[in-house]
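Below, chains carry the letters A, B, ... as their sequence lines are ordered, and counting in each starts from 1. Keep in mind that the numbers below use all heavy atoms, side chains included, and drop hydrogens, waters and symmetry copies.
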Amino acid sequence: MARTPRHRRLVLPLLCLLFQGATALLFAVFVRYNYETDAALWHWGNHSNVDNEFYFRYPSFQDVHVMVFVGFGFLMVFLQRYGFSSVGFTFLVAAFTLQWATLTQGFLHSFDGSYIHVGVESLINADFCAGAVLISFGAVLGKTGPAQLLLMALLETVLFSVNEYILLSLLGVRDAGGSMTIHTFGAYFGLFLSRILYRSQLEKSRHLQSSVYHSDLFAMIGTIFLWIFWPSFNSAPTALGDVQHRTALNTYYSLTASTLSTFALSALTSEDGRLDMVHIQNAALAGGVVVGTSSEMMLTPFGAVAAGFLAGTVSTLGYKFFTPVLESRFKVQDTCGVHNLHGMPGLLGALLGVLVAWLATHEVYGDGLQSVFPLIAKGQRSATSQAVYQLFGMFLTLVFASVGGSLGGLLMKLPFLDSPPDSQCFEDQVYWEVPGEQEAEVQRPLRAEESVTHA
Amino acid sequence: MARTPRHRRLVLPLLCLLFQGATALLFAVFVRYNYETDAALWHWGNHSNVDNEFYFRYPSFQDVHVMVFVGFGFLMVFLQRYGFSSVGFTFLVAAFTLQWATLTQGFLHSFDGSYIHVGVESLINADFCAGAVLISFGAVLGKTGPAQLLLMALLETVLFSVNEYILLSLLGVRDAGGSMTIHTFGAYFGLFLSRILYRSQLEKSRHLQSSVYHSDLFAMIGTIFLWIFWPSFNSAPTALGDVQHRTALNTYYSLTASTLSTFALSALTSEDGRLDMVHIQNAALAGGVVVGTSSEMMLTPFGAVAAGFLAGTVSTLGYKFFTPVLESRFKVQDTCGVHNLHGMPGLLGALLGVLVAWLATHEVYGDGLQSVFPLIAKGQRSATSQAVYQLFGMFLTLVFASVGGSLGGLLMKLPFLDSPPDSQCFEDQVYWEVPGEQEAEVQRPLRAEESVTHA
Amino acid sequence: MARTPRHRRLVLPLLCLLFQGATALLFAVFVRYNYETDAALWHWGNHSNVDNEFYFRYPSFQDVHVMVFVGFGFLMVFLQRYGFSSVGFTFLVAAFTLQWATLTQGFLHSFDGSYIHVGVESLINADFCAGAVLISFGAVLGKTGPAQLLLMALLETVLFSVNEYILLSLLGVRDAGGSMTIHTFGAYFGLFLSRILYRSQLEKSRHLQSSVYHSDLFAMIGTIFLWIFWPSFNSAPTALGDVQHRTALNTYYSLTASTLSTFALSALTSEDGRLDMVHIQNAALAGGVVVGTSSEMMLTPFGAVAAGFLAGTVSTLGYKFFTPVLESRFKVQDTCGVHNLHGMPGLLGALLGVLVAWLATHEVYGDGLQSVFPLIAKGQRSATSQAVYQLFGMFLTLVFASVGGSLGGLLMKLPFLDSPPDSQCFEDQVYWEVPGEQEAEVQRPLRAEESVTHA
């Protein structure tokens with residue numbers, strides 16, 4: 001499906017300009033500052049303590065922003081010859097998604113009939129949506145071009161926003177850190193997409209689908225930044241006060257436990273007891289995913305540790321045993337193993353949310369019940385009923401993700417979108433000017449490393 | 001101009017010790033804690049809500065601090081054999097500038113006749129000055145030694161502080177994020193410097209003036225950290241409340257648009273449609289520069305997107321078409337292309353500030369006018385008059401930068417300063433002990449990658 | 001001491017599972033949310049301004065968290081073939097330490113007879129303990145396996161917590177940034193450990209105990225992130241208000257000075273004036289260590305600069321002249337030179353604390369004396385007496401560290417713990433599946449860089 005250079009010169013630019021033009025137009029017509037960001041609507045003196053909300057949310061926003069761009073971007077640099085694309089397409093796709101999600105989420109959440117009003121919450125929510133899109137990107141990493149990815153982001157952002165709106169606003173499902181709305185949705189969207197885009201001849205570029213020493217170290221930058229800021233991710237949109245504290249705390253402990261179980265299982269399942277970087281880079285993060293729904297609840301510190309331990313175990317075993325089956329049996333080629341890091345831990349996290357919601361009582365939550373389960377606090381819903389809604393939310397998310405991902409796959413098969421040929425998947429040169437291709441005009445005897453990089 | 005080892009052993013150490021000794025002495029005589037940091041002057045109980053200012057500014061300070069050291073430092077690591085110098089000299093020069101700017105800015109802004117009083121704002125302002133110095137460093141990257149750079153920082157910090165003081169304090173020009181004071185000033189200071197230091201024989205080390213695969217990935221660390229924290233950069237010194245919210249928001253959206261236009265233009269202007277890492281690493285950031293002046297104003301979200309789009313376009317075209325002309329016609333060798341990332345987008349940002357100030361009305365800003373345009377709010381100045389002042393500020397900045405950069409260039413030509421020879425520009429070995437130079441005593445058969453790194 | 005693969009497959013997993021099981025059990029029995037994180041105990045409305053403490057501490061926590069994982073993790077990636085282990089074992093050991101320190105510190109500091117109550121302070125304190133453990137790791141880097149390191153963390157965390165409790169709670173010693181409790185303790189614990197684990201035949205793997213070009217750049221990521229966030233590290237646990245401001249300010253200036261003196265001394269002590277990356281990566285950070293105790297005090301900005309300058313000087317000279325002696329005379333093999341970065345600057349910092357405490361007066365501190373020296377403010381102790389206590393705290397820390405490190409060394413000699421053989425120290429392949437070992441099934445002509453990475 002590789003096209004002529006002239007064709008390629010036009011598709012991505014035209015798509016970028018078209019998409020940017022459209023969102024700019026919609027911004028002009030619909031997007032306005034909200035009461036906290038508009039000069040005429042906001043004044044410090046009129047605001048009590050709680051109105052410092054911006055200042056309490058802004059650091060979380062920045063942490064989430066780091067995770068989306070540094071975390072996801074560098075985590076995917078593990079491939080030996082796909083670093084430019086991993087970090088570059090992450091950059092492109094996330095930048096577009098931030099604008100587009102501002103619109104799609106804005107129309108659903110803060111449209112007053114005339115305008116969408118944006119503030120710091122808009123930035124956090126748009127970053128969350130970009131997270132889901134990048135999870136899907138992980139499933140098809142190396143097998144898709146930037147124009148395809150932009151189309152994917154266009155569709156996925158809409159479906160993400162609708163699914164999130166139905167769950168959180170219509171059904172009253174709780175999912176602060178997005179076990180369902182972000183991780184389950186993003187993973188299964190990407191997996192169905194990958195199924196539709198299945199390449200029977202991918203073996204031709206298999207030699208490129210592995211890491212080298214330095215690319216694994218770059219990927220660890222992504223892992224570590226995701227790991228350390230995950231407490232901010234899960235707590236970014238929760239109620240202020242004890243809820244935000246508790247969410248950060250639970251996430252922190254869950255991640256420590258998933259790290260320990262990942263190391264244990266990685267060594268245990270290898271032939272000679274040696275650790276596998278793929279597990280450490282990914283499965284160690286499953287503790288953040290698995291408490292995405294329940295970390296705002298009274299999970300207890302022990303519950304967080306236990307959940308994290310389980311998630312790290314399941315995720316590592318998934319990388320070891322299930323990923324090969326996923327390809328051979330189900331014809332799903334999952335480059336980054338998002339099924340192991342986001343899919344299964346996301347579902348586990350949803351189920352854990354069902355359980356913890358079902359156990360919610362007035363005794364345990366006291367007046368704080370209002371912040372976590374407002375419908376139970378108001379007597380409009382029992383804990384059991386909330387648990388059923390949570391479970392239904394999970395299934396609905398799977399439906400949205402699978403239908404959406406399949407549609408997305410068909411969309412991305414449009415022939416003009418310039419997908420890489422089977423023999424050049426996982427290869428930056430298809431889309432990037434890669435240094436070392438042109439012979440450098442060397443004017444002195446080469447040292448060994450130069451003979452490599454210039455050759 | 002390369003000197004003997006013995007000479008080189010003395011110049012940098014003596015300069016460091018002299019500069020550090022002088023600033024330490026001035027610190028001892030003049031620098032004191034301000035009322036927020038002095039144990040005897042400050043007590044929590046006496047302070048109302050607004051006095052939590054430290055806590056609202058400190059996260060911004062840390063974000064700016066990340067940008068200066070990680071962002072600028074790693075952005076310049078793109079050269080294949082100049083990574084130690086890029087990140088190392090950034091470190092040295094910025095560390096000195098932080099101390100020196102505390103003094104020069106302190107004398108102008110917080111000197112009470114006896115003492116300079118320092119607090120968290122001093123740290124932010126000093127980091128801003130370091131940003132300007134590092135922009136200038138980008139123009140001469142690879143062609144100057146550390147002793148030269150320290151002298152540059154010495155002079156540039158003084159001129160930066162004076163220019164900033166005249167604009168912000170005397171003329172009432174608004175420039176929170178520094179489109180003029182930081183970007184325009186830093187870029188043209190560096191470009192005039194580079195003009196004076198023009199090397200007609202730079203061709204001799206041209207083979208080193210390019211990237212390799214891994215150095216481009218390191219540079220992307222710089223890009224991404226600059227990109228994600230830029231909302232904090234522009235909003236760090238603004239008034240608290242709606243202004244800070246709005247500034248962050250505008251910067252965020254401007255950057256998403258400059259990213260899309262950079263990808264579009266990079267593919268469109270290449271022969272075969274392939275993306276150029278130089279554009280992505282740099283031009284995608286132009287959206288942060290272009291709203292440096294206007295992001296605190298009622299730019300509107302659409303205005304931010306439009307400005308960012310324009311800046312990314314101009315910047316990418318600059319890299320593609322203007323940088324070669326700058327060298328061939330104007331004899332300005334601009335290693336990092338600071339004219340494209342900071343110069344032109346900085347000027348555009350200044351002009352955008354003129355426009356948005358000119359459009360300021362009491363209706364649009366309400367009581368918030370006081371925070372952004374206090375002189376207009378007090379009736380001491382019309383919007384048109386403010387716009388004229390803004391324009392004058394831009395020209396004054398260009399005068400300061402061009403005269404200062406020229407002086408700086410002459411200063412840096414002092415022969416004892418140990419500049420690298422034409423054939424060894426962009427080469428770490430001139431100033432650093434680089435591993436791989438000594439043959440390792442290998443005691444077992446080499447694998448291929450070791451034969452490279454040890455050779 | 002290298003064991004069979006089957007043995008290795010079991011030791012680390014069993015240890016991980018055992019440790020995780022035990023801490024999970026203790027979490028279940030003892031760990032509960034504190035009043036700020038429990039839904040039933042906390043409500044926003046009941047809290048005054050000062051109770052926003054979580055929001056003022058959380059950003060500091062995140063900064064410290066970055067330092068522990070990104071900072072320490074990547075700083076140790078400088079070795080050419082030990083990057084996976086450096087960043088991976090940091091991850092494993094720190095994750096375990098965070099849980100275990102929650103328990104050990106909790107029992108000493110927040111145990112109410114039935115439960116340990118955890119909140120954001122617990123996270124900060126646990127990260128501090130992990131910092132000390134990772135400092136000790138630096139001394140034995142490359143010579144120990146992950147199972148040994150887990151045992152080290154188990155013991156060191158207990159002793160760290162006891163030492164910290166005695167100093168801070170029983171003796172009323174001030175040590176906010178941990179010159180004594182973290183740096184001195186961690187360094188000498190690691191050095192005594194290294195003495196016990198002395199390898200007379202380490203020469204066999206000396207060819208691996210050096211850096212390559214890219215590993216030095218990765219290490220600079222660690223350095224820079226440590227450097228920029230150190231103001232948050234030292235101020236994270238201090239009293240809110242002026243104390244936290246002042247601590248951040250002093251640390252910032254101290255680090256700028258240690259950077260300048262490190263560059264000066266590195267060039268001055270080299271034969272040909274070239275800078276040594278080892279110095280820049282490490283000694284430039286000594287300014288953060290040296291004000292760990294005194295930065296919350298009225299050190300004055302000049303005092304901070306002077307202290308930083310001295311620390312950078314001592315540390316660089318230590319790397320140059322003392323590290324070789326440490327090995328040849330004292331049989332202490334200190335891989336990262338923690339004696340130079342944490343040991344000597346830590347002791348200097350403790351002594352500086354003695355001096356500044358001794359100079360404390362009611363005049364200088366005013367009502368703020370209460371926040372820094374509560375026992376002096378209450379009249380229970382004179383400044384001289386406080387100084388004596390500080391000095392005693394330093395000696396006690398040395399006793400704890402030396403006895404503890406020696407015990408730790410004996411513990412880590414347990415034969416089943418799978419330590420690497422002398423000829424394979426500093427080599428990832430012992431514990432990791434390293435890419436490039438298996439021949440890739442290449443299906444097209446290789447370009448030069450691929451012939452390297454696949455060979």
Test side chain to side chain contact (heavy atoms under 4.5 Å, CB included) applied to C:Ile280 and B:Trp432, step by step: CA-CA 11 Å; C:Ile280 309 308; B:Trp432 297 85; 3.6 Å; yes

Qualifying residues under side-chain hydrogen bond (donor to acceptor under 3.5 Å, both in side chains), relative to B:Ser232, sequence neighbours excluded: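 Once residues adjacent in sequence are excluded, the partners of B:Ser232 under the side-chain hydrogen bond (donor to acceptor under 3.5 Å, both in side chains) criterion are A:Tyr58, A:Gln62, B:Asp63.
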
Within residues 65-79 of chain B or reaching into it, pairs that qualify as side-chain hydrogen bond (donor to acceptor under 3.5 Å, both in side chains) - sequence neighbours excluded: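 Pairs touching residues 65-79 of chain B that pass the test: B:His65-B:Asp127.
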
C:Leu268: which of B:Leu14, B:Leu10, B:Leu12 passes side-chain contact (heavy atoms from CB on, under 4.5 Å):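 When side-chain contact (heavy atoms from CB on, under 4.5 Å) is applied between C:Leu268 and each of B:Leu14, B:Leu10, B:Leu12, only B:Leu10 qualifies.
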
Aromatic centroids of B:Phe96 and C:Phe263 separated by under 6.0 Å: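 When the ring centroids of C:Phe263 and B:Phe96 are compared, they turn out to be at least 6.0 Å apart.
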
Ring-ring centroid check B:Phe69 C:Phe225, cutoff 6.0 Å: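 Aromatic pair excluded; centres sit 6.0 Å or further apart.
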
Residue part contacting chain C, namely of B:Ile221, when any heavy atom lies under 4.5 Å: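 Side chain only.
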
Top contributor to chain C contacts, counting heavy-atom pairs under 4.5 Å, from B:Val11, B:Thr23, B:Leu92: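 Highest number of pairs under 4.5 Å: B:Leu92.
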
Pairs of heavy atoms under 4.5 Å with chain C: top-ranked of B:Tyr33, B:Phe61, B:Tyr431: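 When all of B:Tyr33, B:Phe61, B:Tyr431 are compared, B:Tyr33 has the most.
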
Those residues of residues 300-309 of chain C, ordered by number, that approach chain B below 4.5 Å (heavy atom to heavy atom):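 Within residues 300-309 of chain C, near chain B: C:Thr300, C:Pro301, C:Phe302, C:Val305, C:Phe309.
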
Looking at every non-hydrogen atom in both residues, tell me the closest pair between [X] and [Y] and how far apart they are.
| X | Y | answer |
| --- | --- | --- |
| C:Thr256 | B:Gln20 | O-OE1, 4.4 Å |
| B:Asp38 | C:Met298 | OD2-CE, 3.3 Å |
| B:Ala39 | C:Arg246 | N-NH1, 3.1 Å |
| B:Arg9 | C:Glu271 | CD-O, 3.3 Å |
| C:Ala264 | B:Leu17 | CB-CD2, 3.9 Å |

Side chain to side chain contact (heavy atoms under 4.5 Å, CB included) assessment of C:Tyr253 paired with B:Thr102: CA-CA 10 Å; C:Tyr253 287 118; B:Thr102 297; 2.7 Å; yes

Side chain to side chain contact (heavy atoms under 4.5 Å, CB included) evaluation trace for C:Met220 with B:Val77: CA-CA 11 Å; C:Met220 279 303 288; B:Val77 176; over 6 Å; no

Geometric class of the C:His245/B:Tyr55 ring pair [parallel <30°, tilted 30-60°, perpendicular >60°]: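 Because their plane-to-plane angle is over 60°, the rings of B:Tyr55 and C:His245 count as perpendicular.
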
Test item: B:His214 and C:Leu217 side chains (from C-beta on) under 4.5 Å apart, heavy atoms: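 No, side chains not in contact.
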
Any side-chain heavy-atom pair of C:Ser211 and B:Pro435 under 4.5 Å: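 Answer yes - side chains close enough.
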
Verdict with reasoning, C:Tyr252 to B:Leu98, per side chain to side chain contact (heavy atoms under 4.5 Å, CB included): CA-CA 9 Å; C:Tyr252 175 96; B:Leu98 296 185; 3.3 Å; yes

B:Asp428-C:Tyr213 side chain donor-acceptor pair, cut-off 3.5 Å: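 Result is yes, a qualifying pair exists.
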
Chain C-proximal positions within residues 117-124 of chain B [heavy-atom distance under 4.5 Å]: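 Listed by number, the contacting residues are B:Val118, B:Gly119, B:Val120, B:Ser122, B:Leu123.
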
